[in-house]
Asker: 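Quick one: the structure is below, questions incoming.
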Amino acid sequence: MARCIAVRSSSFLRMTNPTTERPDRDYEPYDPTRVESTWRQRWVDRGTNHVDVAAATRPYFQLMMFPYPSAEGLHVGNLYAFTGNDIHGRFHRLQGFDVLEPLGYDAFGIHSENFALKMGMHPGTLIPRNIANFRRQLDRAGLMIDWRHEVDTTDPQYYKWTQWLFLQLYKRGLAYRKAAAVNWCPSCKTVLANEQVEGGACERCGTVVEQRNLEQWFFKISEYSAPLLADLDVIDWSESTKTAQRHWIGKSEGAHVTFTVADVAGASITVFTTRPDTIYGATFLVVAPEHPVLATIVPASHRAAVDEYQACSAKQDLTSRKTTKEKSGVFTGAYALNPATGERVQIWTADYVLMEYGTGAIMAVPGHDERDFEFATVFGLPITRVVAGPDDAADTPLSEAFVDNDHGRLVNSGAFNGLTVAASKSKITAWLAERGRAQAVTNYRLHDWCVSRQRYWGPPIPIIYCDACGPQPVPEDQLPVVLPHIDDFKPDDSGISPLARHKEWYETTCPACGKAARRETDVSDTFLDSAWYFLRYPSVGRSDVPFDAELTKRWLPVDSYIGGNEHAVLHLLYCRFITRVLFDAQLIPFTSPFKKFRAHGMIIRDGAKMSKSRGNVVNPDEYFTQWGADAFRMYLMFIGPFEEGGDFRDSGISGVKRFLDRLWASVMTMRTDDAPDADVLRKLQLTIKKVGEDIPKLSYNTAIAAMMEYMNVLRRAERVPHRAEVEPLVQLVAPFAPHVAEELWERMGHTKSVFDSGWPTFDASAAATETIELAVQVNGKTRGVVQVAPDATQDDAYAAAMAEPSIAKFVTGAPKKVILVKGRLISIVV
RNA sequence: GCCGAAGUGGCGAAACUGGCUAGACGCAAGAGACUUAAAAUCUCUCGAGAGCAAUCUCAUCCGGGUUCGAGUCCCGGCUUCGGCACCA
């Protein structure tokens with residue numbers, strides 16, 4: 001730490017202190033603090049980061065995931081992501097694009113609200129303060145942000161359009177209300193978000209959480225399952241992100257099979273199965289505890305037991321039910337008829353069957369499903385084998401479920417015996433379908449998006465309830481429905497949404513009939529705020545439309561989006577959904593929001609995630625001050641591959657700082673007389689090529705390494721570099737270390753920003769050499785290198801290799817085989 | 001359990017679609033120059049082993065295999081990280 005203080009000391013001090021100054025160093029030393037503050041101001045004064053969105057001829061939309069403005073301030077994780085984005089954006093700017101690189105704040109939501117509660121402050125006071133702090137830190141980071149396009153999701157001029165968006169979905173029948181379970185703390189008498197439930201208990205008071213049914217708003221994202229899945233095949237996104245989304249959407253092909261309920265006239269149960277081929281092995285049915293059929297089929301003898309089980313499972317909270325593995329359930333006393341065998345099978349209810357997936361009912365095939373096997377074992381239900389592996393007989397007992405679909409043939413399945421699993425699926429489905437008992441269906445696990453939050457800190461859902469007319473959308477010209485400033489936004493024991501305590505706010509009139517009516521008092525999910533923010537950026541400032549048609553056509557879809565993979569499913573999927581809905585509404589001309597998405601890695605420290613409790617959080621401010629933003633940015637990118645992240649360590653920064661010092665020194669001492677060195681220029685060309693190829697691939701660490709390598713050549717043996725050797729390097733460095741690059745560029749006599757100077761072009765002829773190196777392998781071992789002409793034939797190369805005694809000694813007698821790989825090597829087999 | 005990514009020096013990491021003596025670049029370490037001294041700067045060394053030496057052998061998680069040639073491809077196994085987890 002003491003080191004860098006000397007480096008940062010003012011030039012005046014350095015120049016007048018004879019003991020710290022090398023006699024030959026008579027130039028002003030590199031002072032990042034001064035350079036960076038100078039250029040921060042100049043960029044503002046000159047509007048360097050501004051882009052004329054209406055007139056841009058080569059628009060390039062560089063989007064970064066906007067942060068939640070936490071009270072802790074900018075996290076290195078944010079900075080890492082932003083820097084990676086910024087380099088990509090600045091590079092495109094240097095390539096001649098009009099780059100729009102905006103940023104905003106995702107400031108609504110439970111994080112802010114909870115933190116405000118903890119601090120005893122109002123989020124409306126806290127958030128602007130946090131934003132101001134973020135802004136200060138972001139400014140120091142040297143990002144090429146056009147702040148005229150800032151968005152803040154808590155600004156009524158923004159959430160007016162979030163509410164508008166809700167209404168568009170409502171108008172298209174994609175927003176609907178239904179009762180759904182929420183986590184409920186019986187002690188705090190409030191609704192809890194999933195994040196607030198720890199191990200099935202309320203994080204605040206430790207009381208066991210229950211589930212409660214509340215009427216909530218949902219978006220029918222499930223209706224878009226098929227196109228959202230299909231789009232994944234054509235978009236350029238990180239493979240890991242696409243895989244996560246595919247899994248989340250969860251397509252599965254199967255059939256609905258209908259079982260008649262015995263002894264109850266007209267009653268039947270339809271199940272969803274992906275294994276219709278195992279119908280002969282369906283020895284019982286299981287329905288979810290919430291299944292409505294239980295109201296009609298349970299005989300009096302079993303009513304009490306079923307009621308008790310239902311009540312018990314309803315009490316369990318949402319998280320613990322999902323994680324408990326032990327099977328529980330009760331027999332309902334009712335029977336169904338297996339449509340294939342005609343046998344009477346028991347109907348059970350158990351919470352391992354989920355109401356929200358499929359039909360909420362399954363046919364249990366314990367012989368060929370692990371969960372059914374376990375359940376049948378626990379409750380002593382019959383297990384029948386209907387698929388046999390190559391080594392099994394039809395009656396080989398099952399010690400576990402046999403699930404090897406690829407090597408099984410049907411047994412004990414009537415006319416279908418002997419068929420493979422694959423072949424029998426469609427045959428059995430067709431056979432059942434003929435008799436009206438089945439239908440092939442495709443099922444998705446993607447469930448509808450619950451957008452209601454029984455909270456305060458969010459945009460009020462723009463709906464009015466009228467006793468006469470029912471739910472009515474707030475007329476668009478009355479938006480925004482402003483979130484009122486209330487002091488009692490804390491959940492209390494009244495058990496209702498905070499806004500529902502404010503008559504003066506929710507009492508209104510019906511837009512349809514004019515009679516007294518009541519506003520919806522829930523607010524919408526934060527993910528709705530962020531599901532469309534990219535559409536707003538170009539059009540910020542327009543109060544008449546959410547996004548201008550012309551600007552949208554010009555700037556969207558987003559050219560490059562970079563963000564954390566923690567948003568692989570929810571945020572990124574919701575963005576795609578909203579985009580498709582707006583496309584269907586003919587409000588935008590594209591179906592996918594982001595042409596290219598890349599997930600960056602995570603920065604950890606000492607092998608662990610940074611967290612306050614671990615005390616390993618890196619505060620960017622200290623590093624900005626100590627090393628300068630340029631060195632800090634460059635170090636973050638040098639840690640490892642951008643898409644993998646890595647471990648942060650202080651000691652690594654000195655390396656990039658030294659590089660910047662040398663760059664500075666090179667410019668300050670460069671010569672303009674004589675000619676530049678041809679070898680150095682050749683290396684420069686290769687570096688231009690390498691850096692230009694690496695940046696679009698986000699391979700920043702190797703781009704930096706290449707520049708360092710060039711620096712070593714440039715300053716080899718204390719040689720004095722020529723201006724022609726240094727000048728393009730400043731341009732290459734610019735995306736990484738923008739402040740110092742600007743400073744050096746100006747000192748070289750340029751008046752325009754380095755970012756408007758154009759990217760140096762790779763000149764292949766300048767990089768070409770008269771001879772190339774060819775590796776020589778003998779029996780697979782590399783034994784040397786020879787110089788040959790680029791177009792040398794195999795014989796030429798062989799002759800050259802034999803002329804080298806150190807290689808020739810390994811070749812005794814005539815070679816069996818010689819292989820020449822042009823430009824790479826020659827392989828001799830003896 | 002399922003899915004995804006990855007295992008290379010003391011450390012972070014390079015290595016294009018199998019191909020220029022694996023380890024670029026950087027950190028740390030060691031030696032030297034400069035200095036009264038330290039810092040900074042500059043120069044050199046730096047995977048392991050053997051040898052005076054030129055040089056040789058062994059090394060990319062482990063075990064097999066394909067190939068003139070494997071960190072890279074194939075088969076089997078181990079470990080770590082990230083995500084999803086009763087989805088029928």
Side-chain angles (χ1 to χ4, degrees), chain A residues 2-7 19-25 29 239-241 243-244 246-248 250 252 254 271-275 286 321-327 350-354 356-359 361-365 369-372 374-375 443-447 565-566 568-569 601-602 604 607 635 638-641 643-656 658-659 661-662 665 693 699 701-702 704-709 711-712 715 717-718 772-786 806 815-819 821 823-830:
Chain A
R3 274 176 218 165
C4 56
I5 293 178
V7 176
T19 59
T20 60
E21 202 50 52
R22 256 169 61 155
D24 59 335
R25 184 178 294 178
E239 224 25 71
S240 59
T241 312
T243 308
R246 280 195 190 97
H247 186 76
W248 191 262
S252 59
V271 303
F272 173 71
T273 179
T274 53
R275 299 294 308 277
V286 187
R321 177 172 163 181
K322 280 186 177 158
T323 50
T324 324
K325 288 274 177 190
E326 307 94 66
K327 294 281 182 291
D351 64 6
Y352 84 93
V353 174
L354 310 172
E356 58 270 21
Y357 184 76
T359 61
I362 62 156
M363 63 179 213
V365 184
D369 180 279
E370 284 167 20
R371 296 148 306 182
D372 297 345
E374 189 195 337
F375 192 80
N443 209 26
Y444 296 91
R445 48 179 298 200
L446 182 63
H447 48 266
N565 227 0
E566 68 272 17
V569 283
M602 228 178 32
I604 56 173
Y635 168 64
F638 191 55
I639 291 176
E643 294 179 72
E644 285 169 35
D647 208 342
F648 184 94
R649 56 189 62 234
D650 295 18
S651 60
I653 306 179
S654 57
V656 288
R658 246 185 289 247
F659 168 77
D661 284 337
R662 288 172 190 161
E693 285 169 355
S699 188
N701 56 330
T702 53
I704 294 168
M707 291 187 285
M708 288 173 164
E709 213 176 313
M711 179 64 74
N712 290 342
R715 296 174 60 79
E718 298 200 33
I772 53 164
E773 286 189 332
L774 208 57
V776 184
Q777 289 186 352
V778 181
N779 282 347
K781 278 200 193 302
T782 310
R783 295 299 187 180
V785 176
V786 290
S806 61
K816 282 187 199 147
K817 200 172 170 185
V818 178
I819 299 156
V821 182
R824 296 197 188 274
L825 57 71
I826 176 166
S827 184
I828 300 162
V829 190
V830 293

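Chain A is the first sequence line, chain B the second, and so forth, proteins listed ahead of strands; every chain is numbered from 1.
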Asker: Would you mind classifying the nucleic acid contact of A:R246 as base, sugar-phosphate or nothing, using non-hydrogen atoms under 4.0 angstrom?
Answerer: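 No contact at all - A:R246 keeps every heavy atom at 4.0 Å or more from the nucleic acid.
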Asker: Side chain of A:R783 only, heavy atoms from C-beta on: which candidate in B:A28, B:C56, B:G19 is closest?
Answerer: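 Out of B:A28, B:C56, B:G19, the nucleotide with an atom closest to A:R783's side chain is B:C56.
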Asker: Considering only side-chain heavy atoms of A:A705, which listed nucleotide, B:A24, B:U57, B:A88, is closest?
Answerer: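 Given the options B:A24, B:U57, B:A88, the side chain of A:A705 is closest to B:A24.
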Asker: Any strand is fair game: report the nucleotide pairing with B:G82 by Watson-Crick or G-U wobble, both distances under 3.5 Å, or none.
Answerer: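 Check on B:G82: paired to B:C3, both distances under 3.5 Å.
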Asker: Under 4.0 angstrom, heavy atoms only, what part of the nucleic acid is A:S827 near: base, sugar-phosphate, or nothing?
Answerer: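 Counting heavy atoms under 4.0 Å across all strands, the contact made by A:S827 includes a base.
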Asker: Taking the minimum atom-to-atom distance to the side chain of A:T702, which one of B:A15, B:C86, B:A28 wins?
Answerer: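 Nucleotide nearest to A:T702's side chain: B:A15.
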Asker: What is the base-pairing partner of B:U41, counting Watson-Crick and G-U wobble geometry with both distances under 3.5 Å?
Answerer: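 Checking every strand shown, B:U41 finds its partner in B:A33, with both distances under 3.5 Å.
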Asker: Base, sugar-phosphate or nothing for A:I819? Non-hydrogen atoms, less than 4.0 Å.
Answerer: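 Since a base atom lies under 4.0 Å of A:I819, the category is base.
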Asker: Using the side-chain heavy atoms of A:N712, tell me which of these nucleotides is nearest: B:C25, B:A28, B:G19.
Answerer: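 Of the candidates, B:C25 comes closest.
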Asker: Quick one: does A:E239 reach the base of B:G4 with a side-chain donor-acceptor pair under 3.5 Å?
Answerer: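 Counting by modelled atom types and ignoring angles, no donor-acceptor contact under 3.5 Å is found here.
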Asker: Between B:G12, B:C86, B:A24, which one does the side chain of A:E709 approach most closely?
Answerer: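 Nearest to the side chain of A:E709 among the choices is B:A24.
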Asker: Nearest to the side chain of A:Q777, which nucleotide is it out of B:A88, B:G69, B:C86?
Answerer: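 Ranking B:A88, B:G69, B:C86 by closest atom to the A:Q777 side chain puts B:G69 first.
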Asker: Ignoring the backbone of A:L354, work out which of B:A88, B:A14, B:U57 is nearest its side chain.
Answerer: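 Looking only at heavy atoms from C-beta outward on A:L354, the closest nucleotide is B:A88.
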Asker: Partner lookup for B:A14, please. Criteria are Watson-Crick or G-U wobble with both distances under 3.5 angstrom; report none if nothing qualifies.
Answerer: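 Matched B:A14 with nothing under the 3.5 Å cut-off.
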Asker: How far, in whole Å, is B:A48 from B:C11 if one measures between their P atoms?
Answerer: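 Those two atoms are separated by 12 Å.
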Asker: Passes side-chain contact (heavy atoms from CB on, under 4.5 Å), A:V656 versus A:M708? Steps please.
Answerer: CA-CA 9 Å; A:V656 288; A:M708 288 173 164; 3.7 Å; yes
Asker: Between B:A14, B:A28, B:G12, which one does the side chain of A:N701 approach most closely?
Answerer: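 Minimum distance to the A:N701 side chain belongs to B:A14.
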Asker: Is there a Watson-Crick or G-U wobble partner for B:C68 with both distances under 3.5 Å, and if so, which one is it?
Answerer: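 B:C68 is paired with B:G19.
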Asker: With the side chain of A:T274 defined as its heavy atoms from C-beta on, choose the nearest nucleotide among B:A88, B:G19, B:C27.
Answerer: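 The answer is B:A88.
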Asker: Is B:U57 paired to anything, Watson-Crick or G-U wobble with both distances less than 3.5 Å, and if yes, which nucleotide?
Answerer: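 Paired with B:U57, as far as the under-3.5 Å criterion goes, is B:A48.
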